[in-house]
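Each remark here refers to the structure printed beneath this line.
Residue numbers start from 1 in every chain, and the chains themselves are labelled A, B, ... in the order their sequence lines are given, proteins ahead of strands. Worth knowing before you read on, the calculation uses all heavy atoms, side chains too, and leaves out hydrogens, waters and symmetry mates.
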Amino acid sequence: MKKKWMLLTAMVLLVLSACSSAGEETATNEEAAGEPVTITGTNGEVKLDAPAKKVVVLEWTYAEDLLAVGVQPAGMADIAEYGDYVNIEPQLDETVVDVGGRQEPNLEAIAAIEPDLIIGVSFRHDAMLAELETIAPTVIFNPYPEDESIDLYQEMETTFKEIAKAVDKTAEADQVLADLEKEYEASAAEIEAANLKTKDVILTLAYTGPQAPEIRVFTPNSMASIILDRIGLKNVHQPDQFEVFGSSTFNVEGLVKYENANYLYTVPDEDNIYENQLKGNPVWENLAFVKEGRTYDLGADTWLYGGPLSAKTLMDQITDVMVNQ
Amino acid sequence: MSGKLKQKSFVSLTGGFFLLVALSVIHLTQGQADYTISELLTGVWSDGRIQDIVTSLRLPRLAIGIVAGGALAVSGAVLQTLTNNPLASPGTLGINAGAFFFVVLSMIFFPNVLGAFPFITALLGAVLSSVLVVGLAGKAMEPVRVALTGMIISLLFSSLTGAMQLLFENETNGLFLWGSGTLVQLNWEGVRFAAPVVLVLFIGSLLLAKPMDILSLGEDIASSLGQNVQAVKLAAWGVAIILSAAVVSVVGPIGFIGLMAPHIVRMMGIRGHLQIFIHSFLWGSVMLIGADVLGRLIQPGQEVPVGAMTALIGGPWLLYLAWKTAKSLKRGDRQVGGTTKPVRLSVLVPILILLILGITVLALSFNGTAWNFAWLEPVVWNFRVPRVLTSFIVGVMLALTGVILQGVLRNPLADAGVLGVTSMGGAGAMLLLVVFPAVPPAFLPLGATLGASLALGIILVTAWKNNFQPMLVALMGIAISAFGSAATQVFVVKAKLAVASALVWLSGSTYAKGWDDVQLALLLFALFIWPAVYITRSLDTLTFGDDVAAGLGLNVRSTRVWALVIGVAISTAAVSIVGTIGFIGLVAPHIARRIVGFRHLPLMLASGLIGGLLLVTADFIGRILIAPKDIPSGLIVALIGTPYLLYLLRKMK
């Protein structure tokens, strides 16, 4: 009996060790032309022999960065849900391949695309970096750095430029950012002219928590808040502690501090806490911004975490609702 | 009531009352809008902001805390008598987990129904899980068995909940916090709903006090005194279940109150169910409000889930309780069982190998959408082949742990999950993330190893004196496991982790395993298989019982220590490769035992193969079911393993 067992183990060991010593080959595409590029992510410098043509993106924001410079990703994760949360032009092509979920993307599906570059996000994809790198050069970004001194708008711009560099669209990216700056100025002028009672604002995103709404109030280091700055508004929320994701979570009571500011919000259509839970609540209804009609709905699909295109959408929405209301 | 009891009762009631009042006052001053006490005192009497805030936000929160704490405590007190089990509570019996799972489920699929009937949803879950526990644990309601069954049901429902949260990441965003219970209220609706239900049932429990006094004398005596035992039991179960379901539907699952409050009351010398219920209610409220006050003191202006606070306090308490309980228990050896007509290995092994080959070929050839028989192609060779191999080896290792731990504890329900090793491993890894947020994921196993060693250490230290009496070890394990999972939850909230990544790791995943992992798995396997095989002989001797084994010249204590160490080492090795995958260690040895009998060497061989087969299958199913998306195989294992386990529990009378 014991012999049999040992024999079996030995056999398995033998077979497996034979397997593992075999080489790993990765197909390389030599046809792509162009100068070599080097881009930098949280995983260090990533060298590409030529600008990437086929890019697989594993997080929504980076897909958006590609779209902003006119490149459709070859593959992308969680395509179906992306549409529910992100509303930007240009839209995603029908031909973009779904490579599974953002958390555990399908490695074989990615490999089947034979991409030149894979873009991931550190809090999800650090763990599988080695596997991704066997498919193609992989760059990882971190939209939520632990370093408090980095504001999230800078981070967005840096990442956007790196991604643009990878697909040889640096000029386009600079153009997008320059256009954005101009539009900020235009918006700022419009808002200045609108003669608002106050330029103080808080920006929120809310959803139903247990029994009571949870309201994310964006902190000054968030990308969305810096856009507010650029168009001449002032985010009055000062968090007690560093918020790595760029927002503090409040309930209604917490809003009292900021009732003299304007209230900017986005809320999902199917979970509209303002029409459901908060309607009739005396604390909410007596907040100055509610009583004086200074609440501004930015629409359900304004993505507050995206890249330059989401930034533009956000800016347009804010200007639109604040000037025309 | 004797004079002494009267005096104790008076002390407990007045003491508890004043404590509750004091805590309530502090509770009312806490909130995100910073008002000073004098502002509150002057502002609250006239119409205006402060009055609105106090009456529509802070008072409901206080009220729901009092109601929920009391309800949970009474529910726990009832359950402890019913199951004659000092460790029973809505949390440990899986009732909270079942109710919460149903809430999550309807949140995702029928969001409108949940809004309208949260209580019904939670109640369905609570009833289902308690029916399962009672049905499976058997009429005898033997404490350890009940506790283990409750634990397994909890495991099942929490892995299902985890799966849902993972697959519907955006829909369930706010639920992770609720998963540890929170008292936040927006208006009186929650109180208006829960208070009458709780009040009625509380009165119900008081009416049941007398019959339960009689019942606690023993069923035989009770029925000879003319009591309708079945009716009383049914009514009491109803009271306990509905109480906890009502609480979960409003504030989420809050553990440990139902466990601690009745004990504190008993420790103060309160006797008789009428008294116990009244005092439990009071002290339950005191504890829950106290926990909420404490949570908001720690992080002012932020929500620390109150359930996490109760868990932090309650975990060590449960440990102490388990230790005390076990000391008073008679030595409870269980027959681990197994068929008496074993199938010959020369028949079984080829069949198993054929099955394994079959599923392996299938797993290597199909990716969920397309067949591909060119296994040496880089795509398959780099990703699919190592993944399948790692799954197999890890599956074997997990099954081996199960065999060893069940053998040494002489308990058919033991495995690394039940011993608390797995959940402490998870907690250790999460703690590492909290303390060093920048730590690369490759270091998580280090934290897991530390956590698992701590769990083992606690078991070794506490059980040493009792000669590793199986019951004690199992009870300690349950306590540690409850503490570990509570701590994990706190850490995930505290670390502000992206919840999805934490959930994946915690539910175990064979995703993205490469050749490095195969090598590591093989190395660890080669390292551990020899001590595992070596210990089988001693385990065989142990099956005859401690006395016989000692008579045969076996050093029972050192055998237990070594077997525990080996078992935990193997399971930690497995966790370090794939995260926390439960159930295989529990199920594989059972299947094997029914085929090859209870001798440990053949048992090890058979369950190892079955374990490997199971994990490869789970990995395959997880990969193809919603391709190109992936379901973590730990969750699939739970889905495949639990029904079998439940069937087994049912059969093992």
Toward chain A, the part of B/Arg387 with a non-hydrogen atom under 4.5 Å: neither
Under 4.5 Å from any heavy atom of chain A - which part of B/Tyr35: side chain
Structural part of B/Ile53 lying under 4.5 Å from a heavy atom of chain A: both
Would you mind checking which part of A/Asn281 comes under 4.5 Å of any heavy atom in chain B, side chain (CB onward), backbone (N, CA, C, O), both or neither? side chain
Between B/Asp47 and chain A, with a heavy-atom cut-off of 4.5 Å, which part of the residue counts as in contact: side chain, backbone, both or neither? neither
Do side-chain atoms of B/Asp630 reach the backbone of B/Arg623 as a donor and acceptor pair under 3.5 angstrom? no
Among A/Phe245, A/Tyr62, A/Phe218, the one residue meeting ring-ring contact (aromatic ring centres under 6.0 Å, His included) with A/Tyr305: A/Phe218
Does A/Gly280 offer a backbone N or O that forms a donor-acceptor pair with the side chain of A/Trp284 under 3.5 Å? no
If I measure from the heavy atoms of chain B, does A/Leu129 come under 4.5 Å with its side chain, its backbone, both, or neither? neither
Hey, which of A/Ile110, A/Asn251, A/Asn286 has the most heavy atom pairs under 4.5 Å with chain B? A/Asn251
Minimum heavy-atom distance B/Arg296-B/Gln30, with the two atoms named: NH1-O, 3.3 Å
Parallel, tilted or perpendicular: which fits the ring planes of A/His237 and A/Phe250, with parallel below 30° and perpendicular above 60°? perpendicular
Could you check which of A/Ala112, A/Gly101, A/Ala111 has the highest count of heavy-atom pairs closer than 4.5 Å to chain B? A/Gly101
Give, as side chain, backbone, both or neither, the part of A/Pro105 having an atom under 4.5 angstrom from any heavy atom of chain B. both
Are any side-chain N or O atoms of A/Glu64 and backbone N or O atoms of A/Ser310, one a donor and one an acceptor, separated by less than 3.5 Å? yes
Are any of the side-chain heavy atoms of A/Leu287 and B/Arg49 separated by less than 4.5 Å? yes
Side chain, backbone, both or neither: which part of A/Glu259 has an atom under 4.5 Å from a heavy atom of chain B? side chain
If you count heavy-atom pairs under 4.5 Å with chain B, which of A/Asn276, A/Val252, A/Asn106 comes out on top? A/Asn106
When B/Lys629, B/Gln51, B/Lys513 are compared by non-hydrogen pairs under 4.5 Å with chain A, the top option: B/Lys629
Going by the angle between their ring planes, with limits at 30° and 60°, are A/Tyr82 and A/Trp60 parallel, tilted or perpendicular? perpendicular
For chain B, which candidate among A/Leu278, A/Val99, A/Leu107, A/Val256 shows the most heavy-atom pairs at distances under 4.5 Å? A/Leu107
A/Glu253 side-chain N/O to B/Gln32 backbone N/O, donor-acceptor pair under 3.5 Å: yes
